[in-house]
Engineer: 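Handing you this structure, nothing more for now.
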Amino acid sequence: MTRAMGAAMRRIHVGNALSAFGLGFTVPYLYVYVAQVRGLGAMTAGLVLAVFAVAALIVLPFAGRAIVRRGPLPVLIAALVTAALGALSLGLAGNATAVLAAAGALGAGQAVMQPALATMIVDCSTAETRSRAFATQFFLQNLGLGVGGLIGGHLVDTTRVSSFTLLFAIEAAMFLLLVVVLAGVRMPRSPRVEGAPQGSAKGGWKQLLGNRAMVQLSVLGFVLFFACYGQFESGLSAYGVEAAGISTSALGTALAANTAVIVFAQFAVLRFVERQKRSRVIAAVGLIWALAWAVAGYAGLGNGSQEMATAAFVSTYALFGLGEAMLSPTVAPLVADLAPTGLAGQYNSAFALVKQLALAVGPAVGGPMGASLHAPYVVTFLLFSLGISVLALRLGRQLTLEQDQPWVARKRVVARGGAAVEPVAVEA
């Protein structure tokens with residue numbers, strides 16, 4: 001990695017922390033703000049959450065092509081300005097129409113930030129440093145969300161609309177501060193893509209869909225986000241309250257345990273994870289999450305005391321956090337390594353689209369099941385977790401050594417007397 005790439009990466013990581021810090025101020029309190037503080041009711045609050053998902057699904061298919069043609073930095077700055085306007089408008093909106101319009105802008109901006117930042121990390125890293133770079137990103141995101149949520153919880157007052165307006169203003173200010181931080185970043189020159197589509201995005205999508213390994217990784221990614229992330233604040237929390245009798249304070253403790261495991265375990269597991277086959281790491285995560293669902297089953301369906309049920313439920317979230325810490329330096333670098341030269345933005349946007357689909361479907365399926373069908377809910381998602389392991393091992397058969405275990409591939413090159421250069425991703 002050159003000195004210029006290192007300087008750019010530091011700014012990118014600062015930007016990740018700032019954006020997560022801003023989001024942490026409002027994400028935990030959005031439902032309460034719309035439904036109760038603005039008095040717009042539960043239905044409008046639910047529509048706001050749906051608008052976030054719909055906005056992401058609309059803009060992400062176009063975001064990848066924009067990143068490839070314009071570069072990730074201009075696209076990111078446009079997304080940040082859009083998100084800042086959306087956040088500020090949401091804090092000032094007093095009726096349902098204004099709230100939904102502001103949520104659409106905020107959701108679209110947030111959705112485009114993800115692949116743009118991921119592509120900037122790819123452009124400013126090498127195969128040797130990429131896993132650590134994405135692990136650092138995930139660490140800072142969770143730290144920023146946790147700190148932002150903690151501070152926001154002390155500032156918010158459900159009896160004063162102005163306190164929520166302040167939170168959304170802080171969120172908007174963080175996005176604009178990120179624009180200032182990243183505006184001067186000197187990105188490495190992206191290679192030109194021979195045969196890249198100029199008139200439409202169809203060619204890029206056709207090329208992506210012809211990559212069997214990427215298609216399999218996308219299916220695997222959908223199951224990952226559906227079975228874990230899509231359940232955190234919907235089905236799993238409903239299951240904990242209804243089946244295990246978990247209090248709201250204990251639910252907060254469980255979420256804090258998840259964040260704490262990620263923060264403290266991220267770099268502890270990194271050295272081990274980056275030397276293993278990526279497909280096997282993902283398969284191991286499936287087993288860990290299957291164990292997490294089994295522990296959740298004990299919490300809600302066992303005959304232990306309430307204290308034991310609470311401890312088991314908190315442990316469930318902690319086990320999920322361990323799996324997340326293993327995935328962060330694994331999945332995102334694999335997406336980058338599967339992308340042909342210059343098309344990382346297209347591939348990152350496609351994977352972000354899969355993630356949003358899973359996060360939209362996950363709560364819709366898991367929420368009602370977690371609240372009323374307790375045993376089927378646990379069994380269903382335990383099986384999904386085991387399915388992650390099966391899909392990961394099948395994916396491993398489609399990957400080259402450089403894609404599945406780049407550390408060993410580089411080591412072999414050096415042992416033969418060659419230079420440990422970054423491998424060029426090829427279509428699987």
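Computed from a predicted model, the values in this text were never measured in an experiment.
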Engineer: Restricting to non-hydrogen atoms, name the atom on Val295 and the atom on Ala312 that form the minimum distance, rounded to 0.1 Å.
Structural biologist: CG1-O, 3.2 Å
Engineer: Check whether any side-chain heavy atom of Trp293 lies under 4.5 Å from a side-chain heavy atom of Cys228, and answer yes or no.
Structural biologist: no
Engineer: Under 3.5 Å, is there a donor-acceptor pair between the Gln231 and Tyr377 side chains?
Structural biologist: yes
Engineer: With rounding to the nearest 0.5 Å, note down the distance linking CZ in Phe21 to CG in Leu145.
Structural biologist: 11.0 Å
Engineer: Nearest 0.5 Å, what's the CE-CG distance between Met120 and Leu76?
Structural biologist: 6.0 Å
Engineer: Does atom CZ of Phe264 have more than 12 heavy-atom neighbours, drawn from other residues, nucleotides or ligands, at distances under 6.0 Å?
Structural biologist: no
Engineer: Checking Asn348 against Gln114 for the side-chain contact (heavy atoms from CB on, under 4.5 Å) test, could you report, in this order, the C-alpha distance in whole Å, the side-chain angles of both residues, the deciding distance, and whether it holds?
Structural biologist: CA-CA 8 Å; Asn348 283 325; Gln114 298 175 37; over 6 Å; no
Engineer: How about Asn142 and Thr259: does a side-chain donor come under 3.5 Å of a side-chain acceptor?
Structural biologist: no
Engineer: Might you point out which heavy atoms bring Asp123 and Pro72 nearest each other, and give the distance in Å?
Structural biologist: OD2-CG, 3.8 Å
Engineer: Which residues pass the ring pair (Phe, Tyr, Trp, His ring centres under 6.0 Å) test with Tyr33, not counting sequence neighbours?
Structural biologist: Phe164, Phe168
Engineer: Counting distance only, does the side-chain N/O of Tyr298 pair as donor-acceptor with the main-chain N or O of Phe313 below 3.5 Å?
Structural biologist: no
Engineer: Are side-chain heavy atoms of Lys355 and Tyr229 found at a separation under 4.5 Å?
Structural biologist: no
Engineer: When you check the side-chain N and O atoms of Asn258 and Glu324, is any donor under 3.5 Å from an acceptor?
Structural biologist: yes
Engineer: Would you indicate whether the side-chain heavy atoms of Phe351 and Leu217 approach each other to under 4.5 Å?
Structural biologist: yes
Engineer: As a quick check of understanding, evaluate side-chain contact (heavy atoms from CB on, under 4.5 Å) for Phe52 and Val48, giving each step before the final call.
Structural biologist: CA-CA 6 Å; Phe52 273 96; Val48 166; 3.7 Å; yes
Engineer: Would you say that Leu117 contacts Asn16 through its side chain, given a criterion of any heavy-atom pair below 4.5 Å between the two side chains?
Structural biologist: yes
Engineer: Identify the two heavy atoms, one from Val261 and one from Ala318, that lie closest to each other, and give their separation to 0.1 Å.
Structural biologist: CG1-O, 3.6 Å
Engineer: Going by heavy atoms in the side chains, are Phe175 and Leu23 under 4.5 Å from each other?
Structural biologist: yes
Engineer: Indicate yes or no: at least one non-hydrogen side-chain atom of Arg278 is less than 4.5 angstrom from one of Gln405.
Structural biologist: no
Engineer: side-chain contact (heavy atoms from CB on, under 4.5 Å) for Arg130 and Glu274? Distances and angles first, verdict last.
Structural biologist: CA-CA 10 Å; Arg130 195 160 292 148; Glu274 64 184 354; over 6 Å; no
Engineer: Nearest 0.5 angstrom please: Leu73 CG to Ile67 CD1, how far?
Structural biologist: 11.0 Å
Engineer: Indicate yes or no: at least one non-hydrogen side-chain atom of Ile170 is less than 4.5 angstrom from one of Ile151.
Structural biologist: no
Engineer: Between Gln306 and Ala244, is there a donor-acceptor pair closer than 3.5 Å when you use the side chain of the first and the backbone of the second?
Structural biologist: yes
Engineer: Give, for atom CZ of Phe134 and atom OG1 of Thr136, the distance between the pair rounded to the nearest 0.5 Å.
Structural biologist: 11.0 Å
Engineer: Quick check: closest heavy atoms across Ala135 and Leu270, and the distance to 0.1 Å?
Structural biologist: CB-CD1, 4.1 Å
Engineer: Charged N to carboxylate O under 4.0 angstrom, Asp404 versus Arg280?
Structural biologist: no
Engineer: Under 3.5 Å, side chain of Ser349 to main-chain N/O of Gln346, donor-acceptor pair present?
Structural biologist: no
Engineer: Please list all pairs passing the salt bridge (Lys or Arg N to Asp or Glu O under 4.0 Å) test where one or both residues lie in residues 149-165, with sequence neighbours left out.
Structural biologist: Asp157-Arg160
Engineer: Nearest 0.5 Å please: distance from the CG atom of Leu208 over to the OG atom of Ser218.
Structural biologist: 6.5 Å
Engineer: How close do Leu178 and Gly15 get, heavy atom to heavy atom, and via which atoms?
Structural biologist: CD1-CA, 2.8 Å
Engineer: Any side-chain to backbone donor/acceptor pair from Arg11 onto Val181? Under 3.5 Å, distance only.
Structural biologist: yes
Engineer: Mark yes or no for whether Ser131, through its side chain, and Pro329, through its backbone, hold a donor-acceptor pair below 3.5 Å.
Structural biologist: yes
Engineer: Under 3.5 Å, is there a donor-acceptor pair between the side chain of Glu171 and the main chain of Ala87?
Structural biologist: no
Engineer: Between Ser328 and Gln137, is any side-chain donor less than 3.5 angstrom from a side-chain acceptor?
Structural biologist: no
Engineer: Between Val285 and Thr330, is the side-chain contact (heavy atoms from CB on, under 4.5 Å) condition met? List the steps.
Structural biologist: CA-CA 11 Å; Val285 170; Thr330 304; over 6 Å; no
Engineer: Do you know which two heavy atoms are closest between Gln403 and Leu334, and how far apart they sit?
Structural biologist: O-CD1, 3.5 Å
Engineer: Within a strict 4.5 Å, meaning less than it, do heavy atoms of the Met9 and Ser125 side chains meet?
Structural biologist: yes
Engineer: Rounded to the nearest 0.5 Å, what separates atom NZ in Lys277 from atom CG in Leu393?
Structural biologist: 10.0 Å
